[in-house]
Amino acid sequence: MSRFFTKRYSSLVPYVPGEQPNDASYIKLNTNESPYPPSPGVIAAASEEAGKLRLYSDPECAELRGKLSSLYGIKPEQLLMTNGSDEILNFAFMAFGDEDHPLIFPDITYGFYTVYADLNRIPYAEIPLTDDFTIDPNDYIGAGKNIVIANPNAPTGISLPLNVIEEIIKSNPDNVIIIDEAYVDFGGESAAFLIDKYDNLLVTQTFSKSRSMAGARLGFGIGNEKLIADLNAIKYSTNPYNINRMTASAGAAAIKENDYYMENCRKIAETRDLTARKLREMGFKLTDSSANFLFAESDRIDGGALYRELKKRGILVRHFDNERIKNYNRITVGTPEQMDSLIRAVDEILKELS
Ligand code: PMP
């Protein structure tokens, strides 16, 4: 730390992203990317736009916002595009949280929530998940605090049904409820259509997972016009050109080719369920995931050891040190061939133990 770093930030514990190795030799099942490439129209749109990089991007993202709002049946004013959904989450924490507006979220969830809360000096409480890693809705119904819930949750993949999400939103009318739907396209139910009914709901989504664009950094928020206007105030006070030209153009092309991405989601869900079955047959305990990853533990091998053994065999999965989940690994669902390699490697590792 330099002697210039202000007290305000010097105690920050930054988010630790998953490993992003530069060599492509790994089967990469550690950061929930899609195993399928962007569609041809997306590649063409990004390449074409590269020729226009001399010019600033459109701060309104008009074309992309128009296409996406039609897809979701909402008004463009109910939509804000951001640099990944991480950015909309940070904007929302900045806009709606402070010492008078504390925040609650589960103890096992997306690791960025504590970081953004600390960054923005928002008091927060982490509510323990139940023993089977589910969210107890009663912890949130009528809580009278701002809430962020990932649905499906990460790294468990477990979803809450929409009627429960609605109950949480309805019972906290004076608090902002953020539903982080980064993984919704793989089997969850979106709360997006509730925005006309509840002015305290913000839904966040991303092109990183279901639309194969993690490297382009494109996310968005859906909410009541007034909430979105507040978030725009934050955006225009930090970085109006938060979406670069290539990403905006690629995003619009991805919406045009939405069927390709939804078919990929279906394939991924199918591969997920098949892989879960195989792991269960090998004695693993898994949560009931409706996301593009599995969350698995075995009583035959420690979670950290399995992570290391898989890495030695060229397969990267995500292991967290958090005490409650340290025996688990989060495994992104890849192609059927990649998952066959995973199963073969796990089988070999378990056989070597016995
Ligand atoms: N929410 C959750 C639950 C996530 O797991 C992630 C991915 N790390 C994000 C949001 C942010 O993803 P992105 O910024 O790529 O949209």
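Order of listing sets the numbers, starting from 1, for every ligand and every atom in it.
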Is there any protein N/O under 3.5 Å from an N/O of ligand 1, and what does the full list of such pairs look like?
from: ligand 1; atom 1: 1 (N); to: Asp180; atom 2: OD1; distance (Å): 3.2
from: ligand 1; atom 1: 1 (N); to: Asp180; atom 2: OD2; distance (Å): 2.6
from: ligand 1; atom 1: 5 (O); to: Tyr183; atom 2: OH; distance (Å): 2.7
from: ligand 1; atom 1: 8 (N); to: Tyr110; atom 2: OH; distance (Å): 3.2
from: ligand 1; atom 1: 14 (O); to: Ser85; atom 2: N; distance (Å): 3.2
from: ligand 1; atom 1: 14 (O); to: Asp86; atom 2: N; distance (Å): 3.0
from: ligand 1; atom 1: 14 (O); to: Asp86; atom 2: OD2; distance (Å): 3.3
from: ligand 1; atom 1: 14 (O); to: Arg217; atom 2: NH2; distance (Å): 2.7
from: ligand 1; atom 1: 15 (O); to: Ser208; atom 2: OG; distance (Å): 2.6
from: ligand 1; atom 1: 15 (O); to: Arg217; atom 2: NH1; distance (Å): 2.8
from: ligand 1; atom 1: 15 (O); to: Arg217; atom 2: NH2; distance (Å): 3.4
from: ligand 1; atom 1: 16 (O); to: Ser85; atom 2: N; distance (Å): 2.7
from: ligand 1; atom 1: 16 (O); to: Ser85; atom 2: OG; distance (Å): 2.7
from: ligand 1; atom 1: 16 (O); to: Thr206; atom 2: OG1; distance (Å): 2.6
from: ligand 1; atom 1: 16 (O); to: Ser208; atom 2: OG; distance (Å): 3.4

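Ion pairing between a basic and an acidic side chain is recognised when a charged N comes within 4.0 Å of a carboxylate O; Glu281 and Lys278 show no such pairing. Salt bridge annotation for Glu87-Lys235: absent, with no cationic side-chain nitrogen under 4.0 angstrom from a carboxylate oxygen.
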Donor-acceptor pairs under 3.5 angstrom involving side-chain atoms of residues 1-9: please list them, not counting sequence neighbours.
from: Ser2; atom 1: OG; to: Phe4; atom 2: N; distance (Å): 3.0
from: Ser2; atom 1: OG; to: Phe5; atom 2: N; distance (Å): 3.4

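Remark: Arg313 pairs with Glu309, Glu348, Glu352 by the salt bridge (charged side-chain N to carboxylate O under 4.0 Å, His left out) rule, at least two apart or across chains. Remark: Glu323 pairs with Lys326 by the salt bridge (charged side-chain N to carboxylate O under 4.0 Å, His left out) rule, at least two apart or across chains.
In terms of modelled atom types and a separation under 3.5 Å, the side chain of Asn120 and the main chain of Phe93 share no donor-acceptor contact.
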